[in-house]
Protein chains: 2
Amino acid sequence: MFDRLEIVPAYRTVCEAIEKEIMTGRLGPGDQLPTETELAQQFGLTRHTVREGLRILEEGGLVGREAGRRLFVKQPHYAESAPRATRALIMQRVTFRELWEVSMSLEPAAADRAARHVTDADIKALEDNLAAMEKAFAEDRSIIALDIAFHTLVAEIGGNKALLLAREPISQLFYPALSRLFDHPGNRLTGPRRLIDAHRKIIEAMKLRDAVEAEAWMRRHIADFRRGYDHCGFDVDEPVAHREQD
Amino acid sequence: MFDRLEIVPAYRTVCEAIEKEIMTGRLGPGDQLPTETELAQQFGLTRHTVREGLRILEEGGLVGREAGRRLFVKQPHYAESAPRATRALIMQRVTFRELWEVSMSLEPAAADRAARHVTDADIKALEDNLAAMEKAFAEDRSIIALDIAFHTLVAEIGGNKALLLAREPISQLFYPALSRLFDHPGNRLTGPRRLIDAHRKIIEAMKLRDAVEAEAWMRRHIADFRRGYDHCGFDVDEPVAHREQD
DNA sequence: CGATGTTCGTTTGTTCAACAAGCCAACAAT
DNA sequence: ATTGTTGGCTTGTTGAACAAACGAACATCG
């Protein structure tokens, strides 16, 4: 007969009220919010209740601040929602297969788009990344962060905001997977080598603005990733990250 | 010489401390958190400060509560991170083309996976959705929510958690796009008709466990969506949602 | 016996009043 | 010109308190 009544705490209402102002455009990116005291007066609440609402907005990326300074409206960036999504996937024990399958769809598409939009400055950034990777490899340092950065760079060059948002949390989760892979005795050297060579091929295709080749190389690169994983005897249906590792 | 010192407010430290307990597994899903007073004592802070940290965790989906009751550790669900991501895309003025491109990659993959994993109960759910859509169409009600639910259903059947997380925020954003499309005079009837027929084809392929067909029909279905958009004279490079519409 | 009050301890939601600390700008001092 | 100093504004934090919701145990009444 009756549904459960939803009792909404005041701090949540505060949060929604401000969010509404932002989403309807009455408050735009860059605008300053009133001070906590003013907000408290306007809402007819205590400063503390308002603060709890502000904390929620802040976490949501809709408002930000510069070190203890006044709050202002922000454009949420995909890199901020990614860690939360990554955490969610870890806690749900996402498997390598799941991540790989999605990457098999998204990464080639990103490469294709990137090849069509790439500028000379972008090429430079890609080559810098490649050089840094060669250097790290030669000095026996980890190339994992650079690899993930390379793929994010490719996606950024493509400029598709939805794609960036969709792939970022998944991309971040390859860290533990790559880490495992490169720790395996058989892959210690050949793994990074093959990876760097693949990146080089992709960059070459980009230089020629050859979207077909760029996509093809990216596809092979991702496929190769899985082959390496299988080859090491790892189970693709196991969670990539144990919660213990953080 | 020196970098800017990062002054971290106590409430943020609270949040990180608890998050760490969760991510390292010392606190697992279902576990109850200590009461606010206990936490305040343990951290050596005021209840207020602790509460602000808890609000952040709550928003992050790591902890939850049942109506004013004690907090417990939760498994974040992809449906909770989606609205935030959707907001971010809206504020960044994501275009139809961007959404469509990603969907062109993800939806066929989802259909393929679904066809390989589909159970009889899943088929039933899909057919129920189709029937509800036919009914809504016959009664001249909007089918948009049902359409979005259909695609989410397909993705859920596939069971790839990373895919679900990646596609959900994008899927939600088709609401305004479809809304525009079906409001267009030329599409008022033919639009929904074509859409429903496509869904039927996809379901038929699923029944046969024919992954190739399911993927092919899904691909045509998404491609058709864009054709419809172009056909109405809409600019695919315009933002799909104005902030004013919320 | 079962449905309805009553009471109580626990925990969260909210208020009020206050102080500490960081930031900013203006101004004084060397 | 750089370095103190001052003061006002705003956020971060504290403390004590009360209101409101919940759960459980128990009393009450038909």
Side-chain angles (χ1 to χ4, degrees), chain A residues 1-22 27 29-74 80, chain B residues 1-22 27 29-74 80:
Chain A
M1 180 68 153
F2 292 112
D3 292 341
R4 164 157 186 90
L5 289 179
E6 188 120 5
I7 308 297
V8 183
Y11 59 79
R12 199 152 281 284
T13 314
V14 166
C15 164
E16 280 161 21
I18 299 177
E19 180 183 331
K20 193 173 167 193
E21 289 297 295
I22 295 175
L27 280 172
D31 289 357
Q32 278 198 344
L33 264 68
T35 67
E36 296 178 353
T37 319
E38 278 170 333
L39 284 172
Q41 283 172 352
Q42 293 184 28
F43 288 127
L45 296 169
T46 307
R47 226 185 101 211
H48 191 75
T49 308
V50 172
R51 278 173 66 86
E52 291 192 26
L54 291 177
R55 288 299 92 81
I56 297 177
L57 284 177
E58 210 176 342
E59 176 67 3
L62 275 180
V63 307
R65 79 174 76 232
E66 295 152 2
R69 218 67 218 104
R70 192 110 156 236
L71 283 166
F72 61 92
V73 180
K74 236 180 45 176
E80 298 173 70
Chain B
M1 181 68 157
F2 293 112
D3 291 341
R4 167 159 186 87
L5 290 179
E6 188 122 1
I7 307 296
V8 182
Y11 59 78
R12 199 153 281 284
T13 313
V14 166
C15 164
E16 280 161 21
I18 299 176
E19 180 184 330
K20 194 174 167 191
E21 288 298 294
I22 296 175
L27 280 173
D31 289 357
Q32 278 198 345
L33 265 70
T35 66
E36 295 178 354
T37 319
E38 278 171 333
L39 282 172
Q41 283 171 352
Q42 293 184 27
F43 288 130
L45 295 169
T46 309
R47 233 185 97 213
H48 274 324
T49 310
V50 172
R51 278 172 65 86
E52 293 192 25
L54 291 177
R55 289 300 91 80
I56 297 177
L57 283 176
E58 211 175 341
E59 177 67 4
L62 275 180
V63 306
R65 79 175 75 233
E66 294 152 2
R69 220 64 222 104
R70 190 110 156 237
L71 284 166
F72 61 92
V73 180
K74 236 181 44 175
E80 298 172 69

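Quick note: numbers below take in every heavy atom, side chains included, and nothing from hydrogens, waters or symmetry partners. Naming: A, B, ... by sequence-line order, numbering from 1 per chain. Here the structure is a predicted model, which is why all the values come from computation and not from measurement.
- Note: CZ (B:Arg65) to P (D:dG23) measures 14 Å, nearest angstrom.
- The salt bridge (charged side-chain N to carboxylate O under 4.0 Å, His left out) pairs that include a residue from residues 37-57 of chain A are A:Glu36-A:Arg47, A:Glu36-A:Arg51, A:Arg51-B:Glu52, A:Glu52-B:Arg51, A:Glu52-B:Arg55, A:Arg55-A:Glu58, A:Arg55-B:Glu52, where partners are two or more places apart or lie in different chains.
- Taking atom CD on A:Glu58 and atom C1' on D:dT10, their separation rounds to 14 Å, with Å as the unit.
- B:Leu57 places none of its side-chain heavy atoms less than 4.5 Å from the side chain of B:Val14.
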Identify each atom pair where a protein N or O and an N or O of nucleotides 14-18 of chain C are less than 3.5 Å apart, giving names and distance.
{"residue": "C:dT14", "atom": "OP1", "partner": "A:Ala10", "partner atom": "N", "Å": "2.5"}
{"residue": "C:dT14", "atom": "OP2", "partner": "A:Ala10", "partner atom": "N", "Å": "3.4"}
{"residue": "C:dT15", "atom": "OP2", "partner": "A:Thr46", "partner atom": "N", "Å": "3.1"}
{"residue": "C:dT15", "atom": "OP2", "partner": "A:Thr46", "partner atom": "OG1", "Å": "3.2"}
{"residue": "C:dT15", "atom": "OP2", "partner": "A:Thr49", "partner atom": "OG1", "Å": "2.8"}
{"residue": "C:dT15", "atom": "O5'", "partner": "A:Thr46", "partner atom": "OG1", "Å": "2.9"}
{"residue": "C:dT15", "atom": "O4", "partner": "B:His48", "partner atom": "NE2", "Å": "2.9"}

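- Taking atom CZ of B:Arg55 as the reference point, atom P of D:dT13 lies 16 Å away to the nearest angstrom.
- Separating the CD atom of B:Gln32 from the P atom of D:dC22 is a distance of 16 Å, rounded to the nearest angstrom.
- Atom CG of B:Leu62 sits about 12.0 Å away from atom CZ of B:Phe72, to the nearest 0.5 Å.
- Among pairs with a residue in residues 7-17 of chain B, none fulfils salt bridge (charged side-chain N to carboxylate O under 4.0 Å, His left out), at least two apart in sequence or across chains.
- Taking atom CD on A:Gln41 and atom P on D:dC9, their separation rounds to 14 Å, with Å as the unit.
- Dashed line: the shortest gap from a side-chain N or O of A:Arg70 to OP1 or OP2 of D:dG12 is not under 4.0 Å.
- Looking only at side-chain heavy atoms (C-beta outward), B:Leu54 and B:Val63 stay at 4.5 Å or farther from each other.
- With sequence neighbours excluded, the residues that form a side chain to side chain contact (heavy atoms under 4.5 Å, CB included) with B:Thr46 are B:His48, B:Thr49.
- In this structure, the CZ atom of B:Phe43 is 19 Å from the C1' atom of D:dG15, given to the nearest Å.
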